[in-house]
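Remember, predicted model here, so these are calculated numbers, not experimental data. When a residue number appears, it is its place in the shown sequence, counting from 1. We count ligands from 1, going down the list as the structure has it; atoms in each ligand are counted the same way.
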Amino acid sequence: MQNILITGGAGYIGSHICIKLQENGFQPVVFDNLSNGHRDAISPNIPFVQADISDDAALNRVFEEFKPAAVIHMAALIEAGASMVEPARFYKVNTAGSLNLFEAMRRNDCRHIVFSSTAAVYGNTDVDLLDETMQVQAENPYGRSKAMVETMLADYASIYGFHAVALRYFNAAGADPMGRTGERHDPETHLIPLVLQTAAGQRDHIKIFGADYDTPDGTCIRDYIHVDDLADAHVKALGYVTSSDEPAFEIANIGTGQGCSVKEIIELCKEVTALDFNVVQDARRPGDPARLVANPAKANELFGWQPKYPSPRKIIEHAWNFYQANIQRS
Ligand code: UDP
């Protein structure tokens, strides 16, 4: 069985990827500093190293002990809003941290990698569906910190022989359809879990960050992708990068191709939960593009991926099921 090193594997998306890797006959090895992840989000039978990607000695040890066939690199800071206040942290963890990991890979002759990038690299554009050939122009340091890593990977592929794929995630949401893991950020900043917490009475109201965007209902449009589909994309991308030792670097969007506004998400949450709650209109959140919707064709062409749960209603249903079953967990 091949070992796959997964940095940030105890996080929300990482814990779903671990399940999918095991289901597909891989052995995940999780490397996570638990700054946001949870030890109990992953099965006790998965090797777990609590360390930081800035720690060379810990990285060397994990490569020597487990000899991973490939790396899935997820460890990162993820809040676009926070990056507008503290950009240095994002460049340090996301950009410098990735460089450190890539150097450890090079020292240990591991050259296959799936990198978690983001739709935030696109920034504000006026096209309906974003595709990977477009010029990147991130609106915030979070997006720029990830775009820089894509640039590094392109060089690591052409000069050091890496075989790499960067997956540009759109808005990951939902939970494992069987309820084994789900979203547990603390503090929570993402729209769907915040709306569900409001529906459950844990918050007094949900704020809409900006209702004056140039969109049909004035609120931001995002492409919400089921976390189970996102996890599946990683396993398929892993198959692609490990299928050849030829140097290559590819970028693929992971989204559904369908946009949903903040107001539409709130209405769907009201329907799914059958609960009413307070909605308050607030100012725009700095750094938010008006619309981010994927053209997901390339992921299908490159490694045969397509979403199984493209409907935001399903995503919200699974998130709500997990939330209700785990309401006491933090
Ligand atoms: N949003 C909102 N209220 C909130 C949280 C988020 O209106 O309490 C909006 C946010 O401005 C963005 C969309 O919901 O337009 C999705 O935000 P989220 O933070 O979930 O993901 P992002 O798109 O920033 O990755």
Exercise. Give the cluster check for V262 versus I192: same hydrophobic cluster or not, with ILVMFWY residues linked at side-chain heavy-atom distances below 4.5 Å.
Key: yes
Exercise. Starting from atom 1 (N) of ligand 1, find the nearest protein heavy-atom neighbour and note its residue, name and distance.
Key: F209 CD1, 3.6 Å
Self-check item: Nearest non-hydrogen protein atom, atom 22 (P) of ligand 1
Solution: N171 ND2, 3.5 Å
Quiz item: Among all protein non-hydrogen atoms, which one is nearest to atom 17 (O) of ligand 1, and what is the separation to 0.1 Å?
Solution: R285 NH2, 3.5 Å
Quiz item: Does a salt bridge link R284 with E139, judged by any charged N lying under 4.0 Å from a carboxylate O?
Solution: no
Quiz item: Which value, rounded to the nearest 0.5 Å, describes the distance between Y91 atom OH and S83 atom OG?
Solution: 7.5 Å
Quiz item: Charged N to carboxylate O under 4.0 angstrom, K298 versus E301?
Solution: no
Exercise. Around atom 15 (O) of ligand 1, find the nearest protein heavy atom and jot down its residue, atom name and distance.
Key: C220 CB, 3.0 Å
Quiz item: Starting from atom 16 (C) of ligand 1, which protein heavy atom do you reach first, and at what distance in Å?
Solution: Y224 OH, 3.7 Å
Quiz item: So, do H190 and Y224 have ring centers that fall under 6.0 Å from each other?
Solution: no
Practice problem: Quick one: look up the protein heavy atom nearest atom 8 (O) of ligand 1 and list residue, atom name and how far away it is. | Solution: L194 CD1, 3.4 Å
Quiz item: Under the 6.0 Å and 45° cation-pi test, does R39 pair with F48?
Solution: yes
Practice problem: Go through ligand 1 atom by atom and flag the ones less than 4.0 Å from a non-hydrogen atom of I208. | Solution: 7 (O)
Quiz item: What residue and atom, counting heavy atoms only, is the protein's closest point to atom 3 (N) of ligand 1, and at what distance?
Solution: K207 O, 2.7 Å
Quiz item: Mind checking whether Y240 and F303 have parallel, tilted or perpendicular rings, split at 30° and 60°?
Solution: tilted
Practice problem: List the closest protein heavy-atom neighbour of atom 23 (O) of ligand 1: residue, atom name, distance to the nearest 0.1 Å. | Solution: R222 NE, 2.8 Å
Quiz item: Do ligand 1 and L191 have nitrogen or oxygen atoms that lie under 3.5 Å from each other?
Solution: yes
